[in-house]
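Structure first, commentary second.
Both counts, for ligands and for their atoms, begin at 1 and track the order of listing.
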Amino acid sequence: MPALEFFETIRFDEKLLNAEMDRAIQAIENGKVLFFPNLKFILNEQETEFLTPNTLDAKSKNISYDHRRQQLKGTSCKVEKAAYLQAMMHRFCESSQKLVATILPQYQPHIHIARTSFRPAEIEGRVTSFKKDDTRLHVDAFPATPNQGTRILRVFSNVNPLGKPRVWRLGEPFEKVARQFLPRIKKPFPGSRCLLHKVGLTKSYRTLYDHYMLQMHDQMKADINYQQTAEQETIHFPAGGTWIVMTDQVSHAAMSGQHLFEQTIHLPVTGMAQPELSPLKILERLTEQKLV
Ligand code: SIN
Ligand code: FE
């Protein structure tokens with residue numbers, strides 16, 4: 001199955017035919033990337049000045065924006081410049097919401113808009129611990145923020161001014177990954193997940209679903225042999241292009257590139273057209289138990 005589903009869209013609020021919406025929801029729920037090679041997030045001249053790692057503060061690898069609290073984190077910009085940066089990120093947040101509303105309208109009543117991120121640093125050659133190394137194939141799962149089964153839908157736009165692509169690898173379908181790694185995953189230590197929440201190490205309760213997802217994430221990244229031999233495809237996402245991925249389901253690795261916007265959107269499994277295709281339902285079927 002090809003990893004990408006192409007769309008001709010050139011505007012974030014473009015009206016689409018019903019057939020296009022059907023194609024989109026089918027594709028994304030089956031683990032494909034919705035790819036809009038000609039959908040450019042346009043920056044004005046002043047905004048292009050933010051396209052440098054200097055926009056980041058010393059300890060951050062991306063700038064994050066919480067549209068609800070109107071709060072910006074991770075930047076060295078102050079006062080007026082910070083307000084201008086925030087306005088740019090707010091516009092990306094709104095643009096990606098419009099895109100999801102037009103291409104995946106069925107999700108509209110269910111979604112929750114989470115963080116917006118801007119990534120002005122080159123990702124190739126960055127040194128991190130293996131668990132944080134996104135150049136290794138993984139499905140998204142985060143230690144401090146349990147998803148409790150909720151889907152992670154992400155909109156990405158490559159805004160590189162020099163035409164540099166964002167290079168990703170895309171791996172095997174979720175069920176194949178799960179079948180490979182589940183047998184290696186131990187049950188959580190009794191009481192450990194309550195304790196994590198009580199002492200504030202997780203923002204909410206780490207469900208069994210979160211336990212299995214996090215273990216899959218870590219074990220995929222730790223397995224060098226798997227990284228090299230798993231069925232995979234390298235994709236060049238062009239500058240001036242946009243793509244939408246359910247990153248909890250799609251095995252992915254980001255290899256190189258600089259200057260990216262990303263919007264995270266959460267979708268409850270009950271908002272899907274086919275909930276049985278979700279990581280939650282697949283893991284519940286394979287482990288023969290309720291996980292949330
Ligand atoms: C990731 O989600 O693993 C990283 C994506 C990127 O920065 O291109
Ligand atoms: Fe990821």
Side-chain angles (χ1 to χ4, degrees), residues 3-4 28 31-37 39 41 50-51 53 55-56 60-65 74 89 92 96 114-147 150-160 162-174 177-178 181 210 213-223 226-227 230 232-267 279:
L4 305 183
I28 201 154
K32 285 187 158 194
V33 174
L34 309 187
F35 180 37
F36 307 84
L39 180 55
F41 182 65
F50 292 122
L51 300 179
T55 308
L56 294 161
S60 303
K61 53 177 194 170
N62 54 55
I63 293 152
S64 95
Y65 170 60
M89 296 193 62
F92 185 74
S96 38
R115 295 301 157 95
T116 313
S117 105
F118 169 49
R119 306 176 182 180
E122 170 60 56
I123 51 174
E124 190 175 13
R126 194 155 54 195
V127 187
T128 45
S129 67
F130 83 88
K131 287 186 190 178
K132 288 191 179 154
D133 183 1
D134 287 339
T135 68
R136 301 180 188 214
L137 287 167
H138 64 282
V139 288
D140 280 353
F142 306 99
T145 49
N147 275 91
T150 299
R151 306 301 316 273
I152 306 172
L153 185 138
R154 292 189 148 153
V155 181
F156 296 90
S157 280
N158 180 356
V159 294
N160 189 288
L162 303 174
K164 195 171 192 257
R166 193 90 174 173
V167 180
W168 279 25
R169 291 184 291 147
L170 293 173
E172 303 170 323
F174 184 85
V177 178
F181 286 93
D210 296 294
M213 288 297 287
L214 194 57
Q215 285 295 318
M216 275 174 61
H217 168 275
D218 291 354
Q219 301 215 17
M220 287 171 82
K221 283 185 173 177
D223 188 337
Y226 178 78
Q227 291 293 325
Q232 55 191 279
E233 199 176 331
T234 298
I235 309 284
H236 288 67
F237 291 110
T242 294
W243 60 106
I244 308 180
V245 202
M246 299 254 210
T247 53
D248 52 351
Q249 173 177 9
V250 177
S251 166
H252 62 285
M255 309 312 293
S256 67
Q258 186 177 9
H259 306 307
L260 182 82
F261 281 91
E262 178 264 334
Q263 176 64 50
T264 299
I265 296 176
H266 291 136
L267 171 74

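For ligand 1, the polar-atom distance check finds an N/O of Arg166 within less than 3.5 Å of one of the ligand's N/O atoms.
By the criterion of a heavy-atom distance under 4.0 Å, the side chain of Leu260, and not its backbone, is placed next to ligand 1.
When only modelled atom types and interatomic distance are considered, Glu172 and Ser251 share no side-chain donor-acceptor pair under 3.5 Å.
Of all the atoms in ligand 1, the ones that sit under 4.0 Å from a non-hydrogen atom of Ala254 are 4 (C), 5 (C), 6 (C), 8 (O).
For Asp140, the N, O or S atom closest to the Fe ion (ligand 2) goes by the atom name OD1.
Looking at Lys221 and Asp134, a side-chain N of the basic residue comes within less than 4.0 Å of a carboxylate O on the acidic one, giving a salt bridge. Of the charged side-chain nitrogens involved, at least one lies within less than 4.0 Å of a carboxylate oxygen, so that Glu122 and Lys164 count as a salt-bridged pair.
Aromatic ring pairs are classed by plane angle as parallel below 30°, tilted from 30° to 60° and perpendicular above 60°; the pair Phe237 and Phe35 is perpendicular.
In summary, no N, O or S atom of Asp134 is located under 2.8 Å from the Fe ion (ligand 2).
When each of His252, Glu233, Gln227 is paired with Arg169, the side-chain contact (heavy atoms from CB on, under 4.5 Å) condition holds for Gln227 and for no other.
For the atom pair CG (Asp140) and OG1 (Thr247), the distance works out to 3.5 Å, reported to the nearest 0.5 Å.
Looking at Glu262, Arg136, His138, Arg119, it is Arg119 that brings a heavy atom closest to atom 7 (O) of ligand 1.
Counting protein heavy atoms only, atom 2 (O) of ligand 1 is closest to His252 NE2, 3.3 Å.
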